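Since the structure comes first, as structure tokens, the remarks are kept for the end.
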Protein chains: 2
Amino acid sequence: MTSQAEDGPDTVAASRRSKITPEREREFFDAVLEQIRECGYDSVTMEGVAHTTRCSKSTLYRQWKTKPQFVAAALRANRKVRFAGIDTGSLAEDLRLAARAAGDWSDKDTRLLQALGHAVTADHELAQALREALVLPEIAELREMLARGVERGEVPADHPALEYVPAMMFGVLRVRPVLSGQYADADYLVRFVEAAVLPALGLTPDPGRRSRDD
Amino acid sequence: MTSQAEDGPDTVAASRRSKITPEREREFFDAVLEQIRECGYDSVTMEGVAHTTRCSKSTLYRQWKTKPQFVAAALRANRKVRFAGIDTGSLAEDLRLAARAAGDWSDKDTRLLQALGHAVTADHELAQALREALVLPEIAELREMLARGVERGEVPADHPALEYVPAMMFGVLRVRPVLSGQYADADYLVRFVEAAVLPALGLTPDPGRRSRDD
DNA sequence: GTGTACCGATACGCTTGAGTACCGGTACAC
DNA sequence: GTGTACCGGTACTCAAGCGTATCGGTACAC
């Protein structure tokens, strides 16, 4: 595997004497991701992106060779830390906060993942970019959260449910639209954590059920 | 919205003096679904289906007006009862069996759902067909399973985790490829049920360990 | 002021696939 | 046997979209 497209061709704005500012680039990326969310990967057209950003197709093709490379670059630029700063000293509370945070981008992220779900099988670079943008960071953060809980002795290190928590959270998050037609909002996810994740981990949920009043 | 395409145009074989036997129709449906799984909805071509089934494009278009209608018909014909006959008298055992059963088509069903995930937003008939084929039956069966458990007194009727069990099962099932790159096989799902679903429901996986101590 | 290199616009070539039209062959009805 | 109606095959029209080429305009370097 040759890693020829690592950092170079992604954010071209700084190099190559391009007149495209990082802010402008951000507009391109936002536009293409939004178009993907709305129409699906295959239906996204470079012309459409060019039109909504009031640039020309040539401009896009000058920066990125092909459509998948363009999309991959947009995904990589979209990487964010989701659960940053969540460290309350209590695993249950951390999970609640993470659920609430996840619910806030549930809509956008889920639609993106859904729309790219299959396009990914064709282009490996795209697949990797998607994983790195929308999957791996959150998983890693969840695992750290759990590890801290274990370290504090809240959950035994060999608790069998531990390894399934990321899949549970992620699964419910992504699958809810399919089941009920609506995206998993923060309240739903917090209730899910309360009702299923914490009990599975042997953590006692709030007895009085005072889950959502900030 | 008038439901003009209900039963008539789906299975045309019997009507219209078509020489296409139900078995032949089944071949068409299998072919298109397999092509969807492999290439995604958008990349499926009527010509490809015609070629793999050694029929002509005309034949397909004679029976189904458009590609989405054809695919919707294929989905509707694909409806199956997944967890039929699972009723052991124990909710835990039922869930284990369901997990094992689900793992057996995990691959095919998940790929199909993934591939159609976004195509569905464009065509409402397709969306409904997909839900009726791959989502609603399994959910309904799971709910019945849970209801029986409640009726037998294994789980209190107001147990908060009850409503999340289908989402958990479905979520983990569908999301595993995204997380780990491999489909959720039967073993994985059974371990998940054991480690997370049963404890969440307050059912003890093995007698030596009571997880709820509030 | 001059030149270079990028920008936006437009037009084009090329491929692909949906859906249609037409054709000869053939099974089944009668 | 004769006719009808469907089958498979092929050729076609039409639209869309990728990626390329070309052109005038313009910002910035020097």
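Just so it is clear, the structure is predicted and the values come from calculations on it, not from any experiment.
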Using only side-chain N and O atoms of Thr45(A), determine if any of them is under 4.0 Å from OP1 or OP2 of dG17(D).
no

Take the angle between the ring planes of Phe83(A) and Trp105(A) and call it parallel below 30°, perpendicular above 60°, tilted in between.
tilted

Could you tell me how the ring of Phe29(A) sits relative to the ring of Phe70(A): parallel (under 30°), tilted (30 to 60°) or perpendicular (over 60°)?
tilted

With hydrogens left out and only the distance checked, is there a donor-acceptor pair under 3.5 Å joining Lys57(A)'s side chain and the base of dG19(D)?
yes

Distance check needed: dA15(D) P versus Glu47(A) CD, whole Å only.
16 Å

Between C1' on dT20(D) and CE on Met46(A), what's the gap in Å once rounded to a whole number?
13 Å

With a 4.0 Å cut-off on N to O distance, would you call Asp94(A) and Arg148(A) a salt bridge?
yes

Does the distance from a Lys or Arg side-chain N to an Asp or Glu carboxylate O, for Arg111(A) and Glu34(A), drop under 4.0 Å?
yes

In whole angstroms, the gap separating C1' of dA21(D) from CG of Leu60(A) amounts to 16 Å

With a 4.0 Å cut-off on N to O distance, would you call Glu138(B) and Arg143(B) a salt bridge?
no

Counting Watson-Crick and G-U wobble pairs with both distances under 3.5 Å, what is the dot-bracket string for DNA chain C, 5' to 3', using [ ] for crossing pairs and | for pairs to another strand?
||||||||||||||||||||||||||||||

I want to confirm an ordering. Mapping Lys67(A) and Arg54(B) to their closest nucleotides on DNA chain D, which one lands closer to the 5' end?
Arg54(B)

When the nearest nucleotide of DNA chain C is assigned to Arg24(A) and to Val44(B) on a heavy-atom basis, which residue is associated with the more 5' position?
Arg24(A)

Kindly point out which of dA18(C), dG8(C), dG19(D) is positioned nearest to the side chain of Cys55(A)?
dG8(C)

Using atom OH of Tyr61(A) as one end and atom P of dT22(D) as the other, report the distance to the nearest whole Å.
18 Å

Option among Glu132(A), Gln128(A), Glu125(A) that satisfies the side-chain hydrogen bond (donor to acceptor under 3.5 Å, both in side chains) test with Arg76(A):
Glu125(A)

Taking CG from Asp42(B) and P from dA16(D), how many angstroms apart are they, rounded to a whole number?
15 Å

Roughly how far, to the nearest 0.5 Å, is CG of Leu189(B) from OH of Tyr164(A)?
9.0 Å

Ring of Tyr188(A), cation from Arg176(A) - is the NZ or CZ under 6.0 Å from the centre and inside 45° of the axis?
yes

Within this structure, what is the CD-to-P distance between Glu27(A) and dG8(C), rounded to whole angstrom?
11 Å

Between the protein and nucleotides 21-28 of chain C, list the N/O to N/O atom pairs that are separated by less than 3.5 angstrom.
residue, atom, partner, partner atom, Å
dA21(C), N6, Ser58(B), OG, 3.0

Atom pair distance, as rounded to whole Å: CH2 in Trp64(A) and P in dT20(D):
15 Å

Any ion pair linking Arg82(A) and Glu141(A) (charged N to carboxylate O, less than 4.0 Å)?
no

